[in-house]
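The structure appears right after this line, and notes come after that.
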Amino acid sequence: MPEESDARSADASPSAKNDASTTSSSAPRGAESASEGAADVGSLLDALVRQRLDATATRLPTHEFWETQPVGQFGDDARGEALKEGPIDAPKTPKEVPEEGGALPPGYEWCSCDLTREKTQEEVYELLTNNYVEDDDAMFRFHYSQEFLKWALRTPGYHEDWHVGVRLKVTQTLVAFITGVPGKLRVNGKEIEVAEINFLCIHKKLRSKRIAPTLIKEVTRRVNLRDVWQAVYTAGVVLPKPISRARYWHRSLDIRKLVEIGFTRLGRDNSMSRAVQAYKLSPKPKSEGLRHMTKNDVPKVTALLSKYLSKFTVAPILSEAEVEHLLLPREDVVYSYVVEDEKTKKITDLISFYNLPSQIIHGNTKHKTLKAAYSYYNVATSVPLVQLMEDALILAKCNDFDVFNALDLMENDAFLRELKFGIGDGNLHYYLFNWRVMQDIEPSQVALVLT
Ligand code: MYA
């Protein structure tokens, strides 16, 4: 698979195809290629490429828009300026921010999307369902449900005006979208108020017309009007300049279906019956005291998770209200389980994953949907992380998921190979807006999962 794939789709999973050879090794072949030796070579290559990028900054593809923005630039290191960690722009106040949005092409207008209205929810859902992230080969496209979008976008303290849309004036059709939700991040020990930016989407018929920069400037303006000056976002594409680069890994749960739909290939020496056997899981989780998370657990889960997140260089700072919103189970959206110690009543462990299916758009199969679970926040203190995550796989399987996806963030490296995840075919880049970090951050030091 093309490892240098630059579409978010490729890594964000629609087609993170991997080779499910399960012959002698315990891991799919995709994972074999990421064995320790190969990973070392990979990072060496990365370092060389980065060096080369820095040294030849002038010959890199130009980013007409991104080069004008307060983000780290390739070649920053080579310019020899005394750069400091922290804000890139000089401080401003909301009074200095333009009151009106920038000009759109004639016939289009700005709107805020009121996601409490069913009609608007449907419009956003339609736009994304038909135009959002696909893999490089146009086989799969993310299929966010309306319930998911409400969950992801109506977080505590959200602002309707950060859910930015562009409509055709005449018909009022929604043709472009970008969102921010408020959050707090800790980066290298400093706390920052941020907007988490997501769901940038332009109707296929309006692509390559430089509307994306206009949308990004508009969401920036609206965020700045509320006195917030930093943002965090992820993308498959390489832009100036990632603070970290993560990789998706995929654990087959229904290998037969994954092969049928072209998500996974069997290795040359493998057979379906062997693959089915290799990916078999116990019918029930192993960890004692494991149960669904409930509202009463929120304070203890917040404490457990906050302590865990404090270990990482980049992590969200979550209030109880946010933990309740983000982690309390929601049917078909987010699944969370805790381990409670029977005697002490302490919550010792947390499993969570969310449901983000992809539409199968290539048409060479009877299946319409790939049901994918995405690892969210997991904390293991009473059982080994590998055991906890094996339980996560079992729970995902019990909930009828076809595949379980995880990024190599946090301590995930500790279970990916052992639990037979295969490596995906692209990267997910992490970015900060108007905040410079002096050194690239290892994905194992990133503890932020954006949906
Ligand atoms: S990532 C998901 C992105 N969405 C998709 O992939 C869905 C399918 N694709 C599309 O809808 C379009 O292709 C998009 C581009 C909208 C992606 N992030 O209008 P254009 C730059 C940032 O002619 P189009 C997510 O949601 C590109 O490098 N910039 O292009 C996080 C070029 O600039 P430059 C991107 O193809 C979003 C310019 O756009 C991306 O018609 C975070 C070309 O514009 C991308 N994913 O539309 C957004 N893709 O010349 C940033 C392309 O400089 C937030 N481009 O290279 C920043 C923080 C803002 C808030 C700050 C507050 C303080």
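Whatever order the structure lists them in is the order used to number ligands and atoms, beginning at 1. The chain is numbered in sequence order, starting from 1. All figures in this text were calculated on a predicted structure; none of them were measured in a lab.
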Quiz item: Short list, please: which atoms of ligand 1 are under 4.0 Å from a heavy atom of Ile211?
Solution: 19 (O)

Quiz item: Can an N or O of Phe433 be found at a distance shorter than 3.5 Å from an N or O of ligand 1?
Solution: no

Practice problem: Heavy-atom distances under 4.0 Å are what count here, so tell me which part of Trp66 touches ligand 1: side chain, backbone, both or neither. | Solution: both

Practice problem: Report the part of Val223 in contact with ligand 1, treating N, CA, C, O as backbone and CB onward as side chain, heavy atoms under 4.0 Å; options are side chain, backbone, both, neither. | Solution: side chain

Quiz item: Only one of Trp162, Tyr125, Tyr144, Phe142 clears ring-ring contact (aromatic ring centres under 6.0 Å, His included) with Phe199; which?
Solution: Tyr144

Quiz prompt | Heteroatom distance test (Ala212, ligand 1): nitrogen or oxygen, under 3.5 angstrom | solution = yes

Quiz item: Side chain or backbone of Trp229 under 4.0 Å from ligand 1, or both, or neither, by non-hydrogen atoms?
Solution: backbone

Self-check item: Among Thr220, Thr214, Asn224, closest by any non-hydrogen atom to atom 59 (C) of ligand 1
Solution: Thr220

Quiz item: Is it the side chain, the backbone, both or neither of Leu239 that has a heavy atom closer than 4.0 Å to ligand 1?
Solution: side chain

Practice problem: Return yes when Ala195 approaches ligand 1 closer than 4.0 angstrom through a heavy atom, no otherwise. | Solution: no

Quiz item: Just distances here: any N/O of Phe65 and N/O of ligand 1 closer than 3.5 Å?
Solution: yes

Practice problem: Return yes when Thr234 approaches ligand 1 closer than 4.0 angstrom through a heavy atom, no otherwise. | Solution: yes

Self-check item: Residue portion contacting ligand 1 (non-hydrogen atoms closer than 4.0 Å) for Gln69
Solution: neither

